[in-house]
Amino acid sequence: MKLSIASLSDQSGWKQADVRVPGFDVPATIARTREAPIWVHFGAGNIFRGMIAVYMQRLLEAGLTDRGIVAVVRDPDTVRQIFAPHDNLTLNVLLGADGSLDAELIASVAETLALDAADAAAWTRAEEIFQSPSLQIVSFTITEKGYALRGTDGTLLPVVKADIKNGPGKTGHTMSTVAGLLYRRYLAGGYPLAVVSMDNCSSNGTRLAASIREVAEGWQRAGFVDAGFLSYLADENKVSYPWTMIDRITPRPDEAVAQILAQRGIVGMNPIVTKNNTFIAPFVNAERAEYLIIEDDFPAGRPPLEKSGVYLTNRETVNQIEKMKVTTCLNPLHTAMSVYGCLLGYTRISEEMKDSDIVALIRRLGYVEGLPVVTDPGIVSPRAFLDEVVNERLPNPFMPDAPQRIATDTSQKVPIRFGETIKSYAAQGLDIEALVAIPLSIAGWLRYLLAVDDQGQDMTVSADPLLDELQAKLDGVIWNNPSSYTGQIRDILRNEMIFGSDLTKTPLADKIEEMFIELLAGPGAVRNTLRRCMRQGDV
């Protein structure tokens, strides 16, 4: 079997391969979407294809919508090598903790566009879509760094400077691109639209709105747009920016899953790495657990998402559940175990969950230090959510997730995953000096940046937009020589853009320094420090 629209007619072949196929008319859905699109999504990676597109497929299956999603990417090779050869279809593979493998063919992506500078047709089509009165939703899964317009020094990134200087058009930054396409919509009639971030960022809707408006303000000052455009972007009856919380672990496509699919007779499933270093495959492997909570604010209307498994609620509830997940009950645990997992030589999250020291770290991080500052959102119990994460999701031996993947872009995650809890302790008058797992996680991340594991072997550090800058600040620190430390991390700890506050103004800075120095004591120091610190408070 080959993943293509033509192959959908071979129902018996897909059944023999144990893959569920769409029960709706895929070509007709594509045609209707092209004629009158209702949803555009930026960032067609695993979380989109293995979750958001699945919600739309459920609605198509139930006859609750008749159109799919238009997916926009930056890497043209993903379109040329993955989407186009497979007619925009994806195999969604859910991996159960019992070893079960549930495969479904997802056909809700009706069109893909690569907004590459060289592809004029794609830009024209994007402008056409944004000018369509039928468009209701523009959404994003572009990671936290996709919304950043400025570097750690507070100045605009070079690509953003160029975009503001050149005006709307073929822009280089995603926020500039969206601002330019919204300008087209404004000129076409000022039609309403919901602009929805589905990334793991606190107050993600507000962050998205601020970035788009900052670009637009730059264009107004330069004379490219009028004041009416800024009013359009600020009018909640015209353009809304709902807050959301999304949660499903969708790791890189695993070779073992590709082999299982090949054994079932499905060809062409091998993952690829594009020239732009995008790791992607025609399938997505994901866990079964899923949560998508969205503030119900859609001025142009929306599909009945609540009938697909999405929670629609108010902003306060979204904020509570997002904070629960991102700042205490999942993401901080992921980040802490990723840096220590890399230092201790692990390549699978599930294997880390057999390490009593790492389990003690994440249990203290979640149950002891996180839960005291969590507000129960009502939709999901924080303790039940944390129990599911620690006891079911992370230990799943069939989830091919790696600490090296999770450690990517850690500098962009630290202010949310640890900084928010630190601020909550200060705001609520709690004993910040009682924190152990949070400072240990931060110290471990700084030790990780030295690119040497706990046995003194060179280690590849995952990509991070601040990697060069941070490693330069650690110059002179030697992994097996505590005396080589002469205060190098103080400048990092006072950076409010990294931690959300100046940690040198808190008791945590000294504690992090002490832990960091201890982590430099040569082979086994990471293990010994982790174990000693966890003995301070059993969970």
So CG of Leu386 and OH of Tyr367: to nearest 0.5 Å the spacing works out to 4.0 Å
When you check the gap from the basic side-chain N to the acidic O, do Glu35 and Arg32 get nearer than 4.0 Å? no
Strictly by modelled atom types, are Asn396 and Ser350 linked by a side-chain donor-acceptor pair under 3.5 Å? no
Would you kindly say whether Arg67 and Ser134 are connected by a side-chain donor-acceptor distance under 3.5 Å? no
Can a side-chain donor-acceptor contact be found between Asp10 and Ser7 if the only test is distance below 3.5 angstrom? no
Exactly one of Val138, Val40, Leu181 clears side-chain contact (heavy atoms from CB on, under 4.5 Å) with Leu193, and that residue is Val138
Non-neighbouring partners of Glu295 that pass side chain to side chain contact (heavy atoms under 4.5 Å, CB included), sequence neighbours left out: Pro242, Trp243, Asp297, Arg315, Val318
Would you say the side-chain atoms of His41 and Thr141 include a donor-acceptor pair closer than 3.5 Å? yes
Check the side chains of Ser4 and Asp87 for a donor-acceptor pair under 3.5 angstrom, ignoring hydrogens and angles. no
Counting N and O atoms only, with roles assigned by atom type, does the side chain of Arg185 sit under 3.5 Å from a partner on the main chain of Ser132, one being a donor and the other an acceptor? yes
Donor-acceptor check, side chain of Asn285 to backbone of Arg252, threshold 3.5 angstrom: yes or no? yes
Check salt bridge (Lys or Arg N to Asp or Glu O under 4.0 Å) between Glu236 and all other residues, then give those that pass, not counting sequence neighbours. none
Above 12 or not: heavy atoms from other molecules or residues under 6.0 Å from CD of Glu316? no
What I want to check is whether the side chains of Lys413 and Asn331 have a donor and an acceptor closer together than 3.5 Å. no
Between Tyr241 and Ser197, do the side chains contain a donor N or O and an acceptor N or O under 3.5 Å apart? no
Just checking Lys323: does its NZ atom have more than 12 heavy atoms from other residues, nucleotides or ligands closer to it than 6.0 angstrom? no
Compute whether any side-chain donor of one residue and acceptor of the other, for Thr171 and Thr177, lie under 3.5 angstrom apart. yes
Judged by modelled atom types alone, do Arg288 and Ser100 share a side-chain donor-acceptor pair under 3.5 Å? yes
Can you check whether Leu8's main-chain N or O pairs, donor with acceptor, with Gln11's side chain at less than 3.5 Å? yes
Is it true that Thr244 and Asn204 share a donor-acceptor pair across their side chains at a distance under 3.5 Å? yes
Should we count CG of Asp98 as having more than 12 external heavy atoms under 6.0 Å? yes
Ala71 versus Phe48, closest heavy-atom pair with distance: CB-CE2, 4.0 Å
Whether over 12 other heavy atoms sit under 6.0 Å from Arg184 CZ: no
I need the minimum non-hydrogen distance between Tyr147 and Arg207, along with the two atoms involved. CB-NE, 4.0 Å
